[in-house]
Each structure stands twice: as structure tokens, then as C-alpha cells.
Visitor: 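Have a look at the structure that comes next, please.
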Amino acid sequence: CIPIEHSVSFGNTVNSRNGFIPITASPSPSRFRCASASAVSSTTNSIETNPITADSTSLSFSPSESRKLWVDSLTSIVSEEDKEELVRKYEMPGSKVESWRHTKMDALLKMRFGNKELEKLSTDEISNQLRAVFDEDKADDEFRVVLESGVLNKELNSGVETMFREHGIYVGDLKSASKEIQESAMNVIQDRTSHPPDSDQFFGSIHDAIQKQIQVIYVPQNIKTSVPLHLISVATSAASTSAVASAPSIIVILEPNSSLSLVESHISLDPSSVPSSAASDESGVFVRSRSLCSVGSDSTLNHALSSDLRAAVPCVHLGSASVKVHAQGTYKATTLSINSSLSRWDVRVDLDGSGAHGEIHGLSVGDMGRVSDLHSSINHNVPQCTSDQLQKNVALSKGSAVFSGKIFVERDASGSDSAQLCRSLLLSSDARIDAMPILDINNDDVKATHGATIADLSEEQVFYLQSRGLAEDTAKFMLLTSFGAEILARIPILTARVRVEKDLSQIVSRVQIRERSYREYSSI
């Protein structure tokens, strides 16, 4: 290990077995940790000055006591038997669990669940607020499905009947589907729940206990639609004396030689009749979503996963996706995390057929003390599969961003080709970024690269744009949006892209351009 008294920008390439390069840009002093790798190239690192001070915890109790109180409050939303079984089988993850070690869970642990149901929004109120959230003036062609607390609101659907009538694509509740679709969905559930993301067991069990409906998106064989489907999952976030929970469940099935573009947006809306002053320190909104996908042979699923909960009370979203890709199939995931007090995506992609391809590209923004986290794994289980991962992080104003991405190549998966890169912007001296690109290679006939960089906005680039007549905030906004542009460009729905761009414009005034010095280091 190499101790460094500054945050680092680091890049490397590994073509070897079991490469593991975790990188941390952290508070006072910043640290660089490098676990062993069998072959790592020499690198040049740009070092940021100005050490930063760690935040003190905001919990009223110790983390272990807070976890116990949180679990005890589950009896308000699950049966006593389910809670006892959950406690008997699993322990709530904390800082001693490797996959949760860097995820600050204070916003979740402060919540206490209650029996009281939040005021439900009327259909007209949801429609009006959605019109404001997703700027209708910029709306393009899309089919739309709306879930409220995980339950389908058929009155707000748009184009679903057309999808079924013209293409045979089914979108709806599992119980209302045909027998054949139900059987296919149950096979996916059985397969994917037996292959969950690594950190999914505890919260996955809570999901099973509180889910109200399972939604199915079924695309028949040889059906390719160019119009994207926008699935909007709404969490009611009215102020309350206790926290509330919901568990949206989505099954996506693509039969052979089919395609679909799906944007899955998780947002929160407030009933206007409930004042925010009614909230207590224990109130909040907890959303635990799950997406299970099966991509058939020669099929393509473009899947955008957006976590954007904002309200007068703390909002926590823990989302998971487990995907199986068959021969010559393609799965392209785009993850977005912004605005939630704690937002975490756990994504697992299994490449189970020769020629399968998997992608996970993402943008995480940690701002104003918020935590944005992506944990992912792409598993090359058979020969001749390819994968690509690009993660971009932005952290400022006491916020934090976490990335842990693992590329796994099985012993028999010869001819695998994988690339992984994490790029991060650390935009204030009180923010933190943890980047952990991981390779687990068990076959010599592979091509695999990974790397990570952590830096801040270039003072020279800002000055250049200012010299061309742009204001400083405009220059920063252009640099920020260009940093995330290749991620946002993957989202096929314009209104969803514009919403994120507006969020980026609001954080520009808090970006700090700091004096920097440069030194050279070599990794082990």
C-alpha cells in the first residue's frame, strides 16, 4: 500500500489474473489504497492539495443500535414472523460488510416505520405533477406506464394498449397476464432470485415481504419496437411522523430476436395538502425496487435505471437488477443516481450464451451530504462474451459517490473481452469518492482492462471558456454536462435527460476550483 496525503487521479490497465485496484479520495487526509495485483502498469497521478475534514455522524445512536431499532420498526410494515425469519437468516449490513463498507447509511437508519398510510395522490394530482417533473413541452414519442407505491395505475398509462394491439407486447400486472406469460415470468423469477446481486440478500428479503404487485413487460419473438417505454415508479413522499416503504417489482422478458428500450424512473411526489412541518426526525421514504430481466438470443434490451427521489423528508432508494443474457443477446444498462439522500444500485449481469454482450454505463452525483452508490458485477460464464463498463461520478458539498464494479471471468470462459473504466470529479474539499474497479480472471485466454481517475474541474478549461466570453458558472455547467454527456445520451427519452441536466445546473454554484499541484507516483 502507498499512503498519499492528497486525493488522487489514477489510471491503470491490467491484463492479468485477479486485478483489484480500489481507489479512495477521502477526507483529512485523503488516502490511496491499492490491493495486490499480479501485473499493473506504471501510472502518472495528478494530486490535489488542501486536505479535508471528515464529517461527524448524524445518528442519535451508535450504528449497531440504530440498525437494531430500524429492524425492530419493520414490524409496522411486515409480519412479526417475517421479521423474525429475516433476522434469523440475515444480518442487516453495516460497515463491517465489505460490500457496504463505503455506503453511508445514516439517512436510512434514522427512519422508523409506522402503521399509518400516507395520503394517496389523486390521479389528476399525479398527472399534473408528472407534467411538471417531465417537461411536457419537450416530450417526444414514448409509451408510458405509471406505478404508485409499486401498484399499477392504469388510468395514467399511455400507449400500452397500442403496444399490445399492434405488437403483442404485454405490459401489466403478473396476475392479469396470460398463462404462457405467467409461466415465463415465474421461470425468470426463479432463475434470477437464485442469482441476486452479491449484496441483495437482506434487503431482498424485505422486498419480498412488502411488495404489493409484480409488473411484467413481455416482448414476443421477432418483435422490435423503436418507441421507448417509460416506466415511472412514483413514491408518495408526504411528510409524516414515521417512515413509509414501497417495493416496485418489474419482470422484463425478451423472446429471441426482439428489442426494447426501457427507461425506469423512480421519483417521489408530494400531496400538496400536507405541510412539510408535519415531518418528524424519524420520517422518510424508503423505496426498495427490483428488476429481473431475461434477454433472449439475438435480442437487445436498452435499460435505463434512474433514481431521483426528492422531497421534504429524507428519501432512500435501494434498487437491484439481475439480468440473464442468452447467446448473441445484448443488454445495455444506464444507471443514474441523483438527489436521493441515499441512492444505491446493485446490478448483476450474467452472460450465459456464447456471443452475449453486457454494458453498464452510469452517472452518480453525490451533493449536499447525499450518497450515490453503484455496485455491479458482469459475469462471463461461457466463452466468447464481451462486456463494457463506464462509470462517472461527481461529488461535492459533503456528498459522496461510491463505485464498486466487478468483472468476473469463469475458468472455461476463454475468448472473453472486457473493458472497465471509472472517471470521477471531486468538486469540493469536503466531498468523498470511493472507486473500486475489480477484475477476477480465471482464464488466461482473455482481454481485460480496468482503471479509475479522480480529479476536479480544470482551472485552465474554465479560464479558456471565460476568455471566449462565457460567465464562470456557464463555463462550469458546460464542463459538467460534457462530462456526463455520453452517459445521458444513452437515455432515449428527452424529458428524462433534460431533468438531469437541470439538476446539474443547480449544483454549479457550489463547485470549487482549487489550487492544485502535481506529483508522480507509480503503483505497485
Side-chain angles (χ1 to χ4, degrees), residues 12-23 33-41 97-99 101 187-188 190-201 204 256 292-301 320-333 345-361 374-391 403-422 435-452 523-524:
N12 68 286
T13 299
V14 175
N15 274 290
S16 64
R17 184 170 301 177
N18 299 327
F20 179 19
I21 311 291
I23 302 156
R33 294 187 293 271
C34 178
S36 62
S38 53
V40 183
S41 64
V97 178
E98 179 61 31
S99 58
R101 186 162 62 92
N187 290 335
V188 173
Q190 183 177 4
D191 175 69
R192 290 295 86 200
T193 53
S194 63
H195 297 85
D198 293 339
S199 55
D200 194 42
Q201 292 180 328
L292 307 178
C293 307
S294 175
V295 181
S297 301
D298 298 297
S299 295
T300 299
L301 174 60
S320 74
S322 182
V323 184
K324 181 174 184 177
V325 187
H326 295 267
Q328 303 298 324
T330 298
Y331 176 75
K332 297 181 179 181
W345 286 110
D346 285 277
V347 182
R348 170 172 177 158
V349 179
D350 284 299
L351 305 177
D352 283 352
S354 179
H357 177 74
E359 292 183 10
I360 304 176
H361 289 202
L374 171 67
H375 275 62
S376 66
S377 63
I378 302 178
N379 303 309
H380 293 245
N381 298 323
V382 297
Q384 306 300 322
C385 292
T386 59
S387 66
D388 180 67
Q389 181 164 29
L390 174 62
Q391 175 64 20
F403 166 69
S404 176
K406 182 178 181 180
I407 305 296
F408 177 76
V409 178
E410 274 284 6
R411 186 179 301 275
D412 297 329
S414 59
S416 296
D417 189 343
S418 175
Q420 182 188 61
L421 178 62
C422 176
M436 293 161 284
I438 304 168
L439 294 181
D440 189 348
I441 311 298
N442 297 285
N443 188 295
D444 292 329
D445 182 20
V446 301
K447 179 181 179 182
T449 64
H450 71 173
S523 58
I524 297 175

Visitor: I'd like to know if the side chain of Q420 reaches the main chain of G405, judged simply by a donor and an acceptor atom lying under 3.5 Å from each other, with no hydrogens or angles considered.
Guide: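 Confirmed, Q420 side chain pairs with G405 backbone.
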Visitor: Do S376 and Q389 touch side chain to side chain, with heavy atoms closer than 4.5 Å?
Guide: yes
Visitor: What distance separates E98 CD from S404 OG, expressed to the nearest 0.5 Å?
Guide: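 Output value for this atom pair is 7.5 Å.
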Visitor: For a quick test of reading the model, state the closest non-hydrogen atom pair linking P197 to S320 and the distance between them.
Guide: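 Smallest heavy-atom distance, with atoms named: CG-CB, 4.1 Å.
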Visitor: Determine the minimum heavy-atom distance between G358 and I378, stating which atoms define it.
Guide: O-CD1, 4.4 Å
Visitor: Using a 4.5 Å cut-off on heavy atoms from C-beta on, say whether the side chain of N442 contacts that of V409.
Guide: no
Visitor: How far does NE2 of H450 sit from CG of L421, to the nearest 0.5 angstrom?
Guide: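 Here the rounded value is 10.5 Å.
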Visitor: Quick one: do the H326 and S297 side chains pair a donor with an acceptor below 3.5 Å?
Guide: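 There is no such pair (donor and acceptor under 3.5 Å, judged by atom type) between the side chains of H326 and S297.
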Visitor: Just verifying a value: how many Å separate D444 CG and R411 CZ, rounded to the nearest 0.5 Å?
Guide: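 Interatomic distance, D444 CG to R411 CZ, rounded to 0.5 Å: 10.0 Å.
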Visitor: Shortest non-hydrogen contact from A448 to L439?
Guide: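 Shortest heavy-atom contact: CB-CD1, 4.0 Å.
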Visitor: When you check the side-chain N and O atoms of H357 and D388, is any donor under 3.5 Å from an acceptor?
Guide: no
Visitor: Answer yes or no: is there a side-chain heavy-atom contact under 4.5 Å between V295 and T330?
Guide: no
Visitor: Indicate yes or no: at least one non-hydrogen side-chain atom of P256 is less than 4.5 angstrom from one of D298.
Guide: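 Counting from C-beta outward, P256 and D298 never come under 4.5 Å.
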Visitor: Not counting sequence neighbours, which residues clear side-chain hydrogen bond (donor to acceptor under 3.5 Å, both in side chains) with S418? List them please.
Guide: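 By the side-chain hydrogen bond (donor to acceptor under 3.5 Å, both in side chains) rule, S418 matches S387.
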Visitor: Tell me, please, which residues at least two apart from V188 pass side-chain contact (heavy atoms from CB on, under 4.5 Å).
Guide: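 Per chain and number, V188 pairs via side-chain contact (heavy atoms from CB on, under 4.5 Å) with R192, I251, I253, L292, S294.
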Visitor: Rounded to the nearest 0.5 Å, what separates atom CE in M436 from atom CG in L374?
Guide: 10.0 Å
Visitor: Kindly give the heavy-atom pair with the smallest separation between V325 and A356, and that separation in Å.
Guide: CG1-CB, 3.8 Å
Visitor: Output the distance between atom CZ (F408) and atom CD1 (I441), rounded to the nearest 0.5 Å.
Guide: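 Here the rounded value is 9.0 Å.
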Visitor: Excluding sequence neighbours, so at least two apart, what forms side-chain contact (heavy atoms from CB on, under 4.5 Å) with D191?
Guide: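 Here the qualifying residues are H195, K324.
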Visitor: Go through the steps to decide whether R348 and N379 satisfy the test side chain to side chain contact (heavy atoms under 4.5 Å, CB included), and finish with yes or no.
Guide: CA-CA 8 Å; R348 170 172 177 158; N379 303 309; 3.3 Å; yes
Visitor: Who passes side-chain contact (heavy atoms from CB on, under 4.5 Å) against N187, sequence neighbours left out?
Guide: none
Visitor: With rounding to the nearest 0.5 Å, note down the distance linking CG in D350 to OG in S322.
Guide: 6.0 Å
Visitor: Just to verify, what does D352 make a side-chain hydrogen bond (donor to acceptor under 3.5 Å, both in side chains) with, not counting sequence neighbours?
Guide: N381
Visitor: Who are the salt bridge (Lys or Arg N to Asp or Glu O under 4.0 Å) partners of E359, not counting sequence neighbours?
Guide: R490
